[in-house]
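Here's the structure, in structure tokens; my notes come after.
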Amino acid sequence: MKKLIPFITLVALLGLPALGLADDAPITADTVQNNLNFVWTCVAAFLVFLMQAGFAMVEAGFTRAKNACNIMMKNLMDFSVGALAFWAVGFGLMFGASNGYFGHSDFFFSGATGDDAPWNYAFWMFQVVFAATAATIISGAVAERTKFSAYMVYSIFVSALIYPIFGGWAWGSLYHGSGWLEGLGFIDFAGSSVVHSIGGWLALAGAIVVGPRLGKFDKNGKVKPIPGHNIPVASLGVFLLWFGWYGFNPGSTTTGDTSIAMIAVTTTMAAAAGAVAAMLFTWMKYGKSDIGMTLNGALAGLVGITAGCANVSVTSSVIIGLVAGVLVVLSVLFFDKIRVDDPVGAVSVHGVCGAWGTLAAGIFDTAGFSMHTVGVQLIGIAACFAWAFFAGLILFKAIDIVIGMRVSEEEEMAGLDFSEHGASAYP
Amino acid sequence: MKKLIPFITLVALLGLPALGLADDAPITADTVQNNLNFVWTCVAAFLVFLMQAGFAMVEAGFTRAKNACNIMMKNLMDFSVGALAFWAVGFGLMFGASNGYFGHSDFFFSGATGDDAPWNYAFWMFQVVFAATAATIISGAVAERTKFSAYMVYSIFVSALIYPIFGGWAWGSLYHGSGWLEGLGFIDFAGSSVVHSIGGWLALAGAIVVGPRLGKFDKNGKVKPIPGHNIPVASLGVFLLWFGWYGFNPGSTTTGDTSIAMIAVTTTMAAAAGAVAAMLFTWMKYGKSDIGMTLNGALAGLVGITAGCANVSVTSSVIIGLVAGVLVVLSVLFFDKIRVDDPVGAVSVHGVCGAWGTLAAGIFDTAGFSMHTVGVQLIGIAACFAWAFFAGLILFKAIDIVIGMRVSEEEEMAGLDFSEHGASAYP
Amino acid sequence: MKKLIPFITLVALLGLPALGLADDAPITADTVQNNLNFVWTCVAAFLVFLMQAGFAMVEAGFTRAKNACNIMMKNLMDFSVGALAFWAVGFGLMFGASNGYFGHSDFFFSGATGDDAPWNYAFWMFQVVFAATAATIISGAVAERTKFSAYMVYSIFVSALIYPIFGGWAWGSLYHGSGWLEGLGFIDFAGSSVVHSIGGWLALAGAIVVGPRLGKFDKNGKVKPIPGHNIPVASLGVFLLWFGWYGFNPGSTTTGDTSIAMIAVTTTMAAAAGAVAAMLFTWMKYGKSDIGMTLNGALAGLVGITAGCANVSVTSSVIIGLVAGVLVVLSVLFFDKIRVDDPVGAVSVHGVCGAWGTLAAGIFDTAGFSMHTVGVQLIGIAACFAWAFFAGLILFKAIDIVIGMRVSEEEEMAGLDFSEHGASAYP
Amino acid sequence: MKKIECIIKPFKLDDVKNALTEMGVTGMTVSEVRGFGRQKGHTELYRGAEYQIDFIPKVKLELVVNDDLISKIVETVQKEACTGRIGDGKIFVSPVEQSVRIRTGETGEDSL
Amino acid sequence: MKKIECIIKPFKLDDVKNALTEMGVTGMTVSEVRGFGRQKGHTELYRGAEYQIDFIPKVKLELVVNDDLISKIVETVQKEACTGRIGDGKIFVSPVEQSVRIRTGETGEDSL
Amino acid sequence: MKKIECIIKPFKLDDVKNALTEMGVTGMTVSEVRGFGRQKGHTELYRGAEYQIDFIPKVKLELVVNDDLISKIVETVQKEACTGRIGDGKIFVSPVEQSVRIRTGETGEDSL
Ligand SMILES: Nc1ncnc2c1ncn2[C@@H]1O[C@H](COP(=O)(O)OP(=O)(O)O)[C@@H](O)[C@H]1O
Ligand SMILES: Nc1ncnc2c1ncn2[C@@H]1O[C@H](COP(=O)(O)OP(=O)(O)O)[C@@H](O)[C@H]1O
Ligand SMILES: Nc1ncnc2c1ncn2[C@@H]1O[C@H](COP(=O)(O)OP(=O)(O)O)[C@@H](O)[C@H]1O
């Protein structure tokens, strides 16, 4: 523990008050606020990390038992491989000294480059969990049929290139960069677009390229549902994601200040409203409330409030959540109808509701409604779709050609647990 | 992220030290302490939120597979609907300007009302997760046989009326209110009565009105256990609840100060003692240690220490936990004997041990033992039971008459997953 | 809540800024920093607590359904019984006024002894969750065949004696003690040796004394794998452990300062690297990536970085993780070959990689490489093994003679859930 | 010696078992099966799409008994398992030529 | 009256069931089984050790039908369940002496 | 051609299977069942209340073989599955009239 390491003795001194020697080491309020910012930002990052577990549970619960190990591997690996890729390349592209389109410094992040090393670490820590989130989103949409090797490859490209480049456009100036989109005044506080829509539109491209699972659509194109194997696990995942979102949204202040409370409140209300809206809407539509949709509804509300969590009123957050909850249901049905097979609804939750959230952040801006703001938001939404979807198409097509995106029919029927990992989830 | 939103630039300034410009923005220690209070209160609220997942897992694990989806829906919905109801009505009743019996301001909480908006948000955030906890407690006691629609309705009434009114009596003055009970000097630091007993006695009323599950008691009234379908999941739930309790008890300071450590310690010791006591007690009683009871024992210890966590010694907390661990076992057996069917033991854990904890907070008060304090605690316990149990009976009876509390025999046998949601948890 | 309890009104005053009366109560930056240290240390302790759930899930997932309840009981009990034992005896031995070999004050920790009570509580809270971790590690290695009573007994001895004594050697001076090993300049920031190796070598002794599970090795000593029953649950456990590690490593500063960020980064990178290394290594070795090994790889990386998390560079942390990820695979195979049956790989993850991490903390020390430092680390590693393994052998042998370590063949075949607890995990 | 196979509604298992043991049946083997018949399945809802569940959970009871007991057992099962509602199930009787008790090697009647 | 037992590959169940219902079969009972045969199992990997899975998941289909339908049903099942790859399974026909519909007590042909 | 049905203790499955394959049996079908018999169940504890588990997990082994092999197989199974303790299970032999290999359409002996 601390005593054992020289280079933080200063810190140890600061710590000493705790050991009753306060008077020896006077420190300034600025220093303490700075420390508080570190504590808050790190704690928030840890909560966001836990979203990986949430995604893993949601995806596993909504798919079949024979692919559960593969899903765990994917979720563990897109974080692990993604973190390495973001460390080596992505962070520099996103936050390095930039020409407005991409950064070109701070590769193989060592914390040493640039000023003020300690804060670099805190900032990087918060950014890496965001990058991993974007990569994980795709996983669900291409589940149960994608080659593990192909998955590894695109995870690297997403964390190292696709996510950081758009991220730089919107958030670069938070560090050494500067992006054209933020230049316009684009509002995306915690990443409805930067993280969720990017992930969602990539997921769409992936689902299209890899194609639907065997048996998802019959010869006449009618949907034949493939129920997930463990709904309670999927629900646990949603609770974990919701919990992690309290790091995702309030944490995006990266300062421990009074603004986090209001962000936590809008986040809570939007999620609640999203779940309620989806529940009631399916109840009216089918005569029974649909649990899968309700779970998606809660996530839809969370994605929807992510952009505007810091600049909309509580009442607006409720409205944003309600709309997202209905939108996600319609969107899932729509993508089923156009025969895009998205086992967990990632495209609808993250892509569609991410776009909605970005728009809503403009419409309900507490700074007052202005066509200009809304216009900028629309530009951001369009840029996000264009970049993510087409970069995705190219990436996945390329992978498909080189190593193949999809396993063979036999392997798919046997399940990826066996064919990719020689394992079974519940032996 | 922060740069993007005007209204927290001050904050951003505070944050700047992190970016190495400390000197530009001198701030006071008071401001930093205030920020710290926000960070601590929000983090604590997030931990309490996770208790929703804990409750969901415990309840699902202790019931049958055919009702698992319904249980997830209930836990997701009592938080979501509850949050909306508490936002619209409950918060105002509990903390609004009050006549001593209920508040009558701050409805449809906008944060704008009253002074000092930012803190309102932090305070509200912490209160809403408490309200949701009270509502969730009932869920377990009426599981596997209650109509989902009835569940929705009473969740709204509990979060909007029953919980807030008693809460106002004990805690109103924390905000704009003032309650008669706190006026007497009633001690309930984190809510053994305000949250747990209220939930527990409502659960008792609910279990009585809805009646036992088919097959729980044979014609001679002998108990026929209906084992839960997933004990590891129930155990995970207990760990999550215990974790969340570290937000529940220490967080109730709503100030980031040195008192939280001692509260964390008493909370830990009471939970440990409760689990050990229940384990040993069942071991002696049945020759084997009973896992279900041991899990309940840990929760019993946590509920027991909730009232006194900040005003009893560590040794007292061990005693409180040991008593709670034995009490919960006897209580579960008692309610079985009087043929109240409580699938998860909610009444015993939250109702009975909540009362014990409230009493113990008086008996073991570090301020010294006084008959008066104990007397006040007894008044509080009685008021809590009277209010929650009878208000509950009326509420549930009314619902039973209007829409019916219970599903049909066929539906119950088929399982609520199918009959209420047309789903199955493990297709 | 706070208003209700006299003795923290000072605190309440500090809190008041939150209620808009800042000016009334001027406070110093030192006080606020001190409060921040409490908040940070407590939050970190809570995260470490959650590792208990992680261990429970990993162990349950990697073993058979018929022993799942027993595993939950063990994990709940080693924390509960362990906390009581550490409170009564262990803490005093580890941190009490010491002769360099063991402490002899602060038994039955009341917080009252010694100066500066509040900090005592925070410190104790952080230490108790560490002690519990060491005890839990053993659980996995002796799973599926150990008597519950024997388990209880050794948990007490580990938390009360074996862990604290070595802990005092390395960390005693953090409090009232002083250990010979720290005197030499031994580096073990967060406990690769103090917690993980101790647990791992005890696990080795336990696994040897209790012997392999029926059917793990055929007559010719060939390994016959006994697959775990729920890999997704094991994976959830790994995510929870990783999450908890963010309390374990950064929290070990026990001061809320800027150093925590860099520690969080090295922790993240080592875990990621460990997972990737194990995944690739098994892929090359078997033609398929092995999920069980990959999960162990992530944990191996975490254990490996624990000692050096605060004094190695980010690049070094990647190397440390990569090595750990390969090492754990080879180690698991090695212990299988020498017919030590460790169902979850606890010895390899915690013992072997703990030793590696301790060595690596010396090799990659940012203070610069020195044979002396490395030498001291080797002494520490040796002392750790010698103490834990032999003390363990004696302890387990003694227990075996007195009450027996192992259940009967019949009981083992029937499963411990039934034979020890008369229960089944999935009725 | 004959084998009686009964396919019944799961929740009837206890009643049937008790009735059989009361009349002196000492052994039977039970397995979970799914049935398809006049009692058509139901539709379930999954994330907004409905689908048909054709097979309904049933329990299959197998007993091998001496010929003299057959009629009595068939009768009892029929009585106990009957709810009068569609899907109650079937009873099938088929010949068994030989029976062995593994523990003792006894054969024929004594082995039951 | 005879019983037809079919052991088939799980993913063929739907096809077989549909074909049978089309030809007028009104009832059957299905159960999950594991098979051992020419189609040898596969090896799995668990934490670095390989092991052999001998038994392969199959589905067992049981129908009791009138003698006249036997050949037609056997033929249909054989056609529908056949992939031509090893492990397709078997069809066994055995005598049934008596059948009862529990709901009504009907016996013989009417009970099917 | 006859069907041999064996109900055995689960942990005996491997031994029995190995013995049978050694003696040249090429196929069998296995299913999880629960048994009721002389070996009475046990009581379990759930949240302080005890209850009786009547049905004990067993494994059912089904093989259809030529008549000439019957006695040898029955013998082997009896030997391998026997622990001498109550609950070892039963072996039942019953007639099979026809057998088809789905893959090839072969019938009779060749289909086994
Ligand atoms: N011909 C048959 N062969 C085998 N099992 C059958 C047959 N017909 C029905 N069953 C079984 O009996 C169950 C009940 O039959 P069903 O026709 O649904 O109602 P009922 O028994 O009232 O006629 C079915 O679910 C199926 O398991
Ligand atoms: N003699 C037998 N008795 C009972 N079931 C058998 C027998 N032989 C094969 N089976 C079942 O049929 C399935 C397929 O048989 P197998 O020999 O693997 O392929 P094929 O049917 O192509 O010959 C096996 O998995 C087993 O369930
Ligand atoms: N008459 C029977 N018909 C079908 N199965 C039976 C019969 N009697 C016993 N069994 C099966 O055999 C198993 C063992 O029988 P049991 O009487 O318990 O012991 P033993 O085989 O030693 O006599 C039972 O669990 C049951 O599955």
Side-chain angles (χ1 to χ4, degrees), chain D residues 1-8 10-34 57-67 70 73 76-77 80 92-112, chain F residues 1-10 12-13 15-16 19 29-41 51-62 65 67 70-97:
Chain D
M1 219 162 9
K2 302 207 180 304
K3 176 203 242 183
I4 307 180
E5 243 173 308
C6 321
I7 290 137
I8 62 175
F11 69 92
K12 278 295 190 180
L13 177 58
D14 271 4
D15 301 350
V16 172
K17 189 210 77 198
N18 295 336
L20 288 174
T21 41
E22 265 160 36
M23 63 175 286
V25 171
T26 59
M28 64 190 84
T29 300
V30 169
S31 48
E32 318 286 332
V33 299
R34 290 175 298 138
K58 302 277 172 189
V59 160
K60 183 197 203 183
L61 213 100
E62 289 168 287
L63 344 66
V64 175
V65 290
N66 294 336
D67 306 24
I70 301 293
I73 291 177
T76 316
V77 173
E80 285 299 329
F92 303 121
V93 182
S94 54
V96 170
E97 293 173 356
Q98 192 187 338
S99 160
V100 181
R101 163 175 286 128
I102 289 173
R103 173 165 46 99
T104 57
E106 290 161 286
T107 57
E109 306 209 354
D110 334 0
S111 70
L112 298 178
Chain F
M1 220 163 9
K2 302 206 180 308
K3 176 203 246 184
I4 308 181
E5 243 174 305
C6 322
I7 289 138
I8 63 175
K9 288 180 169 166
K12 278 294 192 182
L13 177 58
D15 301 349
V16 173
T29 300
V30 169
S31 48
E32 318 287 331
V33 298
R34 290 175 297 138
F36 173 84
R38 274 168 196 59
Q39 177 192 16
K40 290 283 162 275
Y51 61 106
Q52 179 69 13
I53 301 283
D54 290 323
F55 292 97
I56 301 158
K58 304 275 172 189
V59 160
K60 183 201 210 180
L61 212 100
E62 289 168 289
V65 291
D67 306 23
I70 302 294
S71 57
K72 196 136 158 311
I73 291 177
V74 170
E75 204 174 282
T76 316
V77 173
Q78 197 268 329
K79 205 171 91 291
E80 286 297 329
C82 182
T83 69
R85 265 193 247 78
I86 202 159
D88 277 349
K90 314 280 187 200
I91 304 173
F92 303 121
V93 181
S94 53
V96 170
E97 293 173 355

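Just so it is clear: chains get the letters A, B, ... in the order the sequence lines come, proteins before strands, and each one is counted from 1. Computation of the quantities below employed the complete heavy-atom set of this structure, encompassing side-chain atoms and omitting hydrogens, waters and symmetry-equivalent molecules.
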Side chains of [X] and [Y] in contact at under 4.5 Å (non-hydrogen atoms):
X	Y	answer
D:Lys3	F:Glu5	yes
D:Arg101	F:Arg38	yes
F:Arg34	D:Glu32	yes

Heavy-atom cut-off 4.5 Å, strictly under: side chain, backbone, both or neither for [X] against chain D?
X	result
F:Ile4	neither
F:Lys79	neither
F:Lys58	neither

Exercise. Grab the two heavy atoms, one from F:Ser94 and one from D:Pro95, that are nearest each other, plus how far apart they are.
Key: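 Smallest interatomic distance, heavy atoms only, reads CB-O, 3.4 Å.
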Practice problem: Taking all non-hydrogen atoms of both residues into account, name the closest pair between F:Ile91 and D:Ile102 and its distance. | Solution: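 For F:Ile91 versus D:Ile102, the nearest heavy atoms are CG1-CG1, 3.8 Å.
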Exercise. Could you have a look at F:Ile8, F:Ile56, F:Val74, F:Ile86 and say which one has the most heavy-atom pairs with chain D under 4.5 angstrom?
Key: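 Max contact count across the listed options: F:Ile86.
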Quiz item: If you draw a 6.0 Å radius around CD in D:Glu109, do more than 12 non-hydrogen atoms from other residues or ligands fall strictly inside?
Solution: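 Not buried by this count: 12 neighbours or fewer within 6.0 Å.
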Self-check item: Pairs where residues 16-29 of chain D contributes a residue and the test side-chain hydrogen bond (donor to acceptor under 3.5 Å, both in side chains) is met, not counting sequence neighbours
Solution: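 Only D:Lys17-F:Asp54 qualify under side-chain hydrogen bond (donor to acceptor under 3.5 Å, both in side chains).
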Quiz item: Does the pair F:Lys60 and D:Glu62 meet the rule for a side-chain contact (heavy atoms from CB on, under 4.5 Å), with working shown?
Solution: CA-CA 11 Å; F:Lys60 183 201 210 180; D:Glu62 289 168 287; 2.9 Å; yes
Quiz item: How far does SG of F:Cys82 sit from CZ of D:Arg103, to the nearest 0.5 angstrom?
Solution: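 Spacing of SG (F:Cys82) from CZ (D:Arg103) equals 8.5 Å.
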Quiz item: In Å and rounded to the nearest 0.5 Å, what is the CZ to CG distance from F:Phe92 to D:Leu63?
Solution: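 CG of D:Leu63 is found 9.0 Å from CZ of F:Phe92.
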Practice problem: Below 4.5 Å from any heavy atom of chain F, which atoms of D:Leu13 appear? Answer side chain, backbone, both or neither. | Solution: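 Only the side chain of D:Leu13 comes within 4.5 Å of chain F.
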Practice problem: Could you check which of D:Thr104, D:Val25, D:Leu112 has the highest count of heavy-atom pairs closer than 4.5 Å to chain F? | Solution: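 Greatest number of close heavy-atom pairs with chain F: D:Leu112.
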Quiz item: Are the side chain of F:Lys90 and the backbone N or O of D:Ser99 linked by a donor-acceptor pair below 3.5 Å?
Solution: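 A pair under 3.5 Å: no.
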